[in-house]
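The basis for the numbers below is simple: all heavy atoms, side chains too, and nothing from hydrogens, waters or symmetry mates. In what follows, residues are counted from 1 in the order of the sequence shown. Indexing begins at 1, ligand by ligand and atom by atom, following the structure's order. Here the structure is a predicted model, which is why all the values come from computation and not from measurement.
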Amino acid sequence: MATLRLLGIETSCDETSAAVVHGTPDAITLESLVILSQDVHRLFGGVVPEIASRQHLTGIVPAVDAALNEAGVSMADIDAVAVTHAPGLVGALLVGTSYAKTLAFTHGKPVVPVHHMEGHLFATLLEHPNAAPPFTALLVSGGHTLLLDVPEWGTYRLLGQTRDDAVGEAFDKVAKLLGLPYPGGRPIEQLAATAESPEYGHPHHFARPMLRKRAVVTDADYYDCSFSGLKTAVLYAVREAEKTGTLDAQRASIARGFQDAVIDTLTEKVYRAAKAHRRGRIVLGGGVACNGALQIALRERFASRGGDVFAPTPRLSTDNAAMIAAAGLYRFGRSEFASPTLTATAALPIPGLS
Ligand code: KG4
Ligand code: ZN
């Protein structure tokens, strides 16, 4: 496949992002990446869709201009515009798809529609060329928890998913219970790191959801996860601590207990998936993938089997347009171009999911 230069645009949630990548799916160079994070949502403890759309409207033009400038290119040097068209907040997505279409069609360039979660799968490839199929993938974000087997790009076998809350959502809700800021993943990780280690009588041990000993592959929950029961267990622990006036003293150990339970569950499910499909590579994606404790636990678990665990750096694990442009390179190679009627879709399975 000839080398291409793509402009990527991502506006599915609360990041207005644009990026330029160059190359082929096997050898990608990131030429620029601009991410405008909408901090305003912190005031509300969650993303407010209407505000997100408005901020994308004001941010999209400067973000794209800055990405082109940073890469030292103009639209004349761009082969196509890759844009997130699903899934996400419809109003937010529409800003990206409308702008991408207008910009591309004015310059006579094609538009490549990209599924946001396929973007997360390609994020790691931008930093680790070996993070290519076949691999086991764990996509963990604010809205998704997907365990996939990926024999090749474009073929995604769904092994497991969450039965209720997504992992990131659970981190955000537990953070709220503990009085920590939104988004809660990073504050919980930081607080958990200060808690005393479980080996020395760590006080909070929460039941591991969907993690029975002697599980067999035919069990309905062999690969699936569930986090709402864990969230309720945290709620009771917080109430108990409040009753005894000890929440300040216990906050870190509750955070640690929650994070340990999540990590144990995810690590076991990923291990089962990689073992069953004989995969030596594990690729993490989505905002929760930058959790250092999760990465360490997975690396330790796979050390004896010689499995390689790849995770993107925080800048590329949260929502960004570089991953959309990278996935766009692959979809361009399959001549998957948008018609002028391309629109935004709130919920859509990843193309190639079975
Ligand atoms: O992929 P992402 O940026 O947006 C979605 O597509 O949802 O993921 C955001 C999620 C939030 O729930 C956030 O709390 C979580 O990723 N997150 C983390 C960490 N950093 C971000 N969760 C656990 N540990 C972290 N260090
Ligand atoms: Zn995302």
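Here the protein heavy atom with the shortest distance to atom 18 (C) of ligand 1 is Gly185 CA, 3.4 Å. Annotation: atom 24 (N) of ligand 1 to nearest protein heavy atom, Asn291 ND2, 3.0 Å. Of all protein heavy atoms, the one lying nearest to atom 26 (N) of ligand 1 is Glu189 OE1, 2.8 Å. Counting only heavy atoms of the protein, atom 12 (O) of ligand 1 lies nearest to Asp172 OD2, 2.8 Å. At the shortest separation from atom 2 (P) of ligand 1 among protein heavy atoms lies Asp319 OD1, 3.4 Å. The protein non-hydrogen atom at the shortest distance from atom 9 (C) of ligand 1 is Gly142 N, 3.9 Å.
When only modelled atom types and interatomic distance are considered, Glu50 and Ser53 share no side-chain donor-acceptor pair under 3.5 Å. Residues His56 and Thr16 bring a donor and an acceptor atom of their side chains to less than 3.5 Å of each other. Side-chain contact annotation: Thr29 with His22, donor-acceptor N/O pair under 3.5 Å absent. Between the side chains of Glu127 and Thr313, a donor-acceptor pair is found at a separation under 3.5 Å. Side-chain N/O atoms of Glu10 and Ser12 include a donor and acceptor closer than 3.5 Å.
Heavy atoms of Gln259 stay at 4.0 angstrom or farther from ligand 1. Under a 4.0 angstrom heavy-atom cut-off, Cys290 registers as being in contact with ligand 1.
Counting atoms of ligand 1 from 1 in the listed order, those under 4.0 Å from a heavy atom of Gly184 are 14 (O). The ligand atoms of ligand 1 that sit less than 4.0 angstrom from a heavy atom of Gly143 are 7 (O). Shown in contact with Thr318 at under 4.0 Å from a heavy atom are these atoms of ligand 1, numbered in order with element: 3 (O). Residue Gly287 approaches ligand 1 through these ligand atoms, each under 4.0 Å from one of its heavy atoms: 1 (O), 2 (P), 8 (O), 16 (O), 17 (N), 18 (C), 19 (C), 20 (N), 21 (C).
Among the atoms of His120, an N, O or S atom falls under 2.8 Å from the Zn ion (ligand 2). Within the coordination shell of the Zn ion (ligand 2), defined by N, O or S atoms under 2.8 Å, His116 is present.
When non-hydrogen atoms are compared, ligand 1 lies under 4.0 Å from the side chain of His116 (C-beta onward) but not from its backbone. Heavy atoms of His120 found under 4.0 angstrom from ligand 1 belong exclusively to the side chain.
Within Asp319, OD1 is the N, O or S atom that lies nearest to the Zn ion (ligand 2).
Here the two rings, on Phe332 and Phe337, have centers that are under 6.0 Å apart. The distance between the ring centers of His120 and Phe122 does not fall below 6.0 angstrom.
Taking any N or O of Gly168, backbone or side chain, at least one lies under 3.5 Å from an N or O belonging to ligand 1.
Surrounding CZ of Arg163 are more than 12 heavy atoms belonging to other residues, nucleotides or ligands, all under 6.0 Å away.
With Asp221 as the fixed residue, the salt bridge (charged side-chain N to carboxylate O under 4.0 Å, His left out) test singles out one of Lys269, Arg272, Arg212: Arg212.
Aromatic ring pairs are classed by plane angle as parallel below 30°, tilted from 30° to 60° and perpendicular above 60°; the pair Phe171 and Phe258 is perpendicular.
Relative to the six-membered ring of Phe135, Arg279 misses at least one condition, a distance below 6.0 Å or an angle of at most 45° to the axis.
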